[in-house]
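Sequence lines set the chain letters: A, B, ... in the order given, protein chains first and strands last, and positions in each chain run from 1. All heavy atoms count here, side chains included; hydrogens, waters and symmetry mates do not.
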Amino acid sequence: PPPASPLSATCPSLPPYFMKGSIIQLADGKLKRVEDLKTEDFIQSAEISSELKIDSSTVERIEGSQTPNSAIIQFAVGEHKAQVSVEVLVEYPFFVFGQGWSSCSPDRTTQLLELSCAKLSVGDVCISLTLKNSK
Amino acid sequence: NVEPRSVPVFPWHSLVPFLAPSQSD
């Protein structure tokens, strides 16, 4: 029989920082709640950062995954439109430029994290990060 | 009510997925 852990009945949880009320420290040291973050907070923090820069990742495709409660999202990243696929839980929130948090299943995000979310759709432009070239 | 003394503070960049390691051309 497959090994059963006491927690196996619950769905895999998201990182704690997406829970409504989580305290987020911006690059300038200011503290904000995760639900209060704005696009400018990410942009300004990346400007201060010596290692990270903001990239835009456009959602090109969203499809179901064999993993329960998961989806595979294909992004075109940056000006070179590099194709990147990520498998995430449907409630995983992404930050859409000018809009805010969005997920494949806003209802689940709200239910599990209390974070209000829009529906992530093809064409949405999400904030992503790349490492600044260090070489 | 007793407030917790230490509230976890998370860095802003933990909220954003690292999708592209670098732009190479």
Side-chain angles (χ1 to χ4, degrees), chain A residues 14-19 21-35 37 41-46 48-49 51-59 73-86 88 92-95 101 115 126-135, chain B:
Chain A
L14 286 175
Y17 35 77
F18 288 126
M19 185 68 73
S22 294
I23 307 294
I24 307 299
Q25 184 165 36
L26 305 180
D28 63 3
K30 281 187 194 158
L31 301 178
K32 274 199 160 189
R33 293 181 199 278
V34 65
E35 66 269 23
L37 290 173
D41 295 324
F42 290 99
I43 293 173
Q44 286 166 8
S45 287
I48 296 173
S49 168
E51 294 180 346
L52 304 171
K53 67 171 183 172
I54 290 273
D55 238 337
S56 31
S57 293
T58 306
V59 177
I73 306 176
Q74 186 174 331
F75 292 98
V77 182
E79 55 182 312
H80 299 289
K81 306 215 176 295
Q83 298 294 306
V84 176
S85 286
V86 290
V88 293
Y92 190 98
F94 293 88
F95 202 94
W101 294 111
L115 186 68
C126 300
I127 289 178
S128 62
L129 292 173
T130 54
L131 292 171
K132 286 179 178 169
N133 284 332
S134 54
K135 289 181 185 171
Chain B
N1 286 342
V2 179
E3 288 190 19
R5 280 178 180 263
S6 61
V7 177
V9 175
F10 301 99
W12 68 277
H13 52 77
S14 60
L15 299 166
V16 185
F18 280 80
L19 289 176
S22 65
Q23 309 260 336
S24 59
D25 44 355

Proximity breakdown for [X] and chain B, heavy-atom pairs closer than 4.5 Å:
X: A:Ile127; value: both
X: A:Ser45; value: both
X: A:Val88; value: neither

Check ring pair (Phe, Tyr, Trp, His ring centres under 6.0 Å) between A:Phe42 and all other residues, then give those that pass, not counting sequence neighbours. A:Phe95
Partner set under side-chain hydrogen bond (donor to acceptor under 3.5 Å, both in side chains) for A:Gln25, not counting sequence neighbours: none
First locate atom NZ of A:Lys32, then atom OG of A:Ser22, and finally report the distance between them rounded to the nearest 0.5 Å. 15.0 Å
Assert top hit (heavy-atom pairs under 4.5 Å, partner chain B, pool A:Ala46, A:Ser49, A:Pro93, A:Cys126) equals A:Ala46
Out of the candidates A:Leu37, A:Ile48, A:Leu52, only one should pair with B:Trp12 under the side-chain contact (heavy atoms from CB on, under 4.5 Å) rule; please name it. A:Leu52
